[in-house]
Amino acid sequence: MGTISLQSVSKTYGGARAVVALDNVDFEVAEGEFVALLGPSGCGKSTLLNLVAGFEPLSEGKLLFDNQPVARPGPDRGVVFQEASLLPWLNVWENVVFGPKVQKIARSDYELRAREILRIVGLEQFHEALPVQLSGGMRQRVGIARALVMEPRALLMDEPFGALDAQTRLSMQALLLEVWQNLKTTVLFVTHDIDEAILLADRICVMTARPGRITRTIPISLRRPRSIDDLTTADFIRFKAMIMAEMRGSGH
Amino acid sequence: MAAAGISGANPSLQGFLRSRVGKGLLALILPLAALFLWQASGTNGAVAGGALPTPDRVWKAWLVWAFDKPGPMTLSPYVGNWMEAIAFSAMRVAKGFGLAVLVGVPLGILIGWSRLAASMVDPTIQWLRPVPITAWLPISIAIFGISDFGAVFLITIGAFYPIVINTTQGARDVDKNWIRAALMMGANQWDILRRVVLPAALPSIFTGLRIGLGIGWTAVIVSEMVAVKSGLGYVLWDAYYVGRMDIVIADMVSIGLFGFLSDWAIVHLEHWVLKWRRMQNFNQ
């Protein structure tokens, strides 16, 4: 449940001058695994996530989610967007239950879970608030909650904390570690932040740009459960030094 | 900022001019000055060599038009039936505008959302749009005769274009990630249109409604002058023929007043419906 498999996947954006965003990528994510895609902007890491989400069609190759070809977006793959992308005319509660509602699930079947998830992400006092009344971090908590409420088999997170200040980012990372520790959902996490990738992931796939490729895969063997205290351990620093060397080496 | 320019260095006066009452008083300066000049330039209740009445005579004519009861010997048609004229015109505007909204908003959403609909319908709308509502008058009379629906038809046509065009624009400009988020949560096309595209387009739709309603008032006056025998437009033209310029002017002021009031109503509806938008602008 929640396995992702890319076989020789390429993605080319058409137009007068075609741009190869992904070039012949092979990539697997196992059930319950937390994988980070790490790379500079323009390396195709968000494109890869969009393909898995079903937002864009692939140009070549095969993309399977739980052994089924991906054809369209769906609630089995919960996406957390960079800027949360909440619907600004709906309040927190309405944003979170939008999914179950359009899927015509009976209110009694999702109400308790939605309340529980909003409590976990620390927003139980904010059901009635509009997104514009929330801080960036709180908005992203809603973004995570609305994905989790659908009980997706995989979470696809596209630089979800990239727009937040350092302090808020740390608390969001701590929250995500805690939530994931309990759910063990498959997570595909796109980031350009090395610390974030090491802290969260079981495995980091380093990507390079033009054309977008995965150049190296690094398993992160730090013990779980992790917390933001791990950011300063010797093991952590060793991984960081290794990845920085890797990225310098491939960065021409 | 203009207030700062007028009041110079006096901060308390500046504050007053920015208050609600201060703004209201500022708004009255121009009309009151015009009224005063108009009244002062007249002799024996007439200006421009007797072509126009002075404001006091317009006021008296309006009082009779609005409040007097016609007796058995009354010959003037402008006694006690002001409200009736307003009601005729306002009802036509309401019907024509309502029809334009019913057709224009769904069509605009469709054109903005579907490339197929855009290619099929949009060019026709763009070709027909430059035809002014006055040019539709002969066709309207030929089809509907001198009837209520002729006026409603013209108002609908006039209000339709700004509504459909602004709605289209709003539906086209929807944030791509809102649609992606909705799809990801399992929304079908109908959910997307109703729960994402329509609310996201509402700010543009309201712009279209305001412009459309303004054109609706123009259209009702034009069509009543020609194609119907009641309402403010009919009275305007009829009063001109019998030389009652006092009624003509009272009629014009009434049109302005009710056009303004209906616009005010839409703005307040917008304020209420788009609460999220207002807060967004405030926070930025």
Side-chain angles (χ1 to χ4, degrees), chain A residues 46 49-50 52-56 70-92 94-105 110 128-136 139 142-152 154-158, chain B residues 105-106 108-109 112-115 166-167 169-209 266-284:
Chain A
S46 292
L49 183 136
N50 283 341
V52 179
F55 293 150
E56 297 174 31
V70 167
R72 62 179 69 84
D76 51 350
R77 284 148 292 143
V79 180
V80 179
F81 296 83
Q82 189 170 4
E83 307 270 1
S85 292
L86 306 176
L87 301 176
W89 51 87
L90 300 182
N91 66 28
V92 167
E94 292 162 337
N95 264 289
V96 169
V97 301
F98 184 96
K101 221 168 154 181
V102 294
Q103 292 171 53
K104 309 219 161 45
I105 296 171
Y110 64 76
E128 307 285 325
L130 288 171
V132 68
Q133 294 170 294
L134 304 176
S135 69
R139 248 176 269 166
V142 181
I144 293 170
R146 82 171 169 188
L148 290 179
V149 81
M150 302 184 300
E151 300 182 304
L155 264 186
L156 313 176
M157 308 183 81
D158 188 4
Chain B
V105 170
I109 295 277
W113 178 241
S114 144
R115 276 198 203 133
N166 281 283
T167 304
Q169 195 58 43
R172 256 180 209 152
D173 289 347
V174 178
D175 187 329
K176 188 175 66 181
N177 278 343
W178 292 345
I179 291 164
R180 286 180 163 182
L183 286 170
M184 172 272 287
M185 289 186 276
N188 59 32
Q189 293 290 310
W190 170 241
D191 292 322
I192 300 265
L193 282 181
R194 194 165 65 98
R195 296 177 190 270
V196 182
V197 179
L198 178 66
L202 270 180
S204 295
I205 291 174
F206 269 105
T207 305
L209 295 187
I266 290 229
V267 169
H268 276 73
L269 181 67
E270 177 179 10
H271 231 65
W272 180 69
V273 172
L274 299 181
K275 187 171 157 231
W276 60 274
R277 188 85 196 287
R278 218 169 356 123
M279 297 170 79
Q280 208 161 29
N281 293 338
F282 184 73
N283 277 22
Q284 274 162 3

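Chain identifiers are assigned alphabetically (A, B, ...) following the order of the sequence lines, protein sequences preceding nucleic acid strands; residue numbering begins at 1 within each chain. Only a predicted model underlies this, so the values are computations on that prediction, with no experimental measurement involved.
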Note to self: Let's test your reading of the structure: which of B:G186, B:A187, B:P199 forms the most heavy-atom pairs below 4.5 Å with chain A?
What the structure shows: B:P199
Check: Any side-chain heavy atom of A:P88 within less than 4.5 Å of one from B:W178?
Finding: yes
Check: Between B:R195 and A:E94, is the closest basic N to carboxylate O distance under 4.0 Å?
Finding: no
Item checked: Portion of A:L90 that has a non-hydrogen atom of chain B nearer than 4.5 angstrom -> neither
Checklist line | B:W190/A:V102 under side-chain contact (heavy atoms from CB on, under 4.5 Å): CA gap, chis, key distance, verdict | finding: CA-CA 10 Å; B:W190 170 241; A:V102 294; over 6 Å; no
Margin query: Donor-acceptor check, side chain of A:W89 to backbone of B:A200, threshold 3.5 angstrom: yes or no?
Written below: no
Next item on the list: Could you grab the distance from atom CG of B:N177 to atom CG of A:D158, nearest 0.5 Å is fine?
Entry: 8.5 Å
Next item on the list: Show the numbers, then the answer: is there a side-chain contact (heavy atoms from CB on, under 4.5 Å) between B:R180 and A:F81?
Entry: CA-CA 10 Å; B:R180 286 180 163 182; A:F81 296 83; 3.9 Å; yes
Item checked: A:N50 versus chain B, the contacting section by heavy-atom distance below 4.5 Å -> side chain
Next item on the list: Find the one option among B:V196, B:N188, B:D175 whose heavy-atom pairs under 4.5 Å with chain A are most numerous.
Entry: B:V196
Next item on the list: Would you mind checking which part of A:F55 comes under 4.5 Å of any heavy atom in chain B, side chain (CB onward), backbone (N, CA, C, O), both or neither?
Entry: both
Next item on the list: Using a cut-off of under 4.5 Å on heavy-atom pairs, state which of A:R77, A:R146, A:Q103 scores highest against chain B.
Entry: A:R146
Next item on the list: Kindly indicate whether the side chain of B:M185, heavy atoms from C-beta on, has any atom under 4.5 Å from the side chain of A:K101.
Entry: no
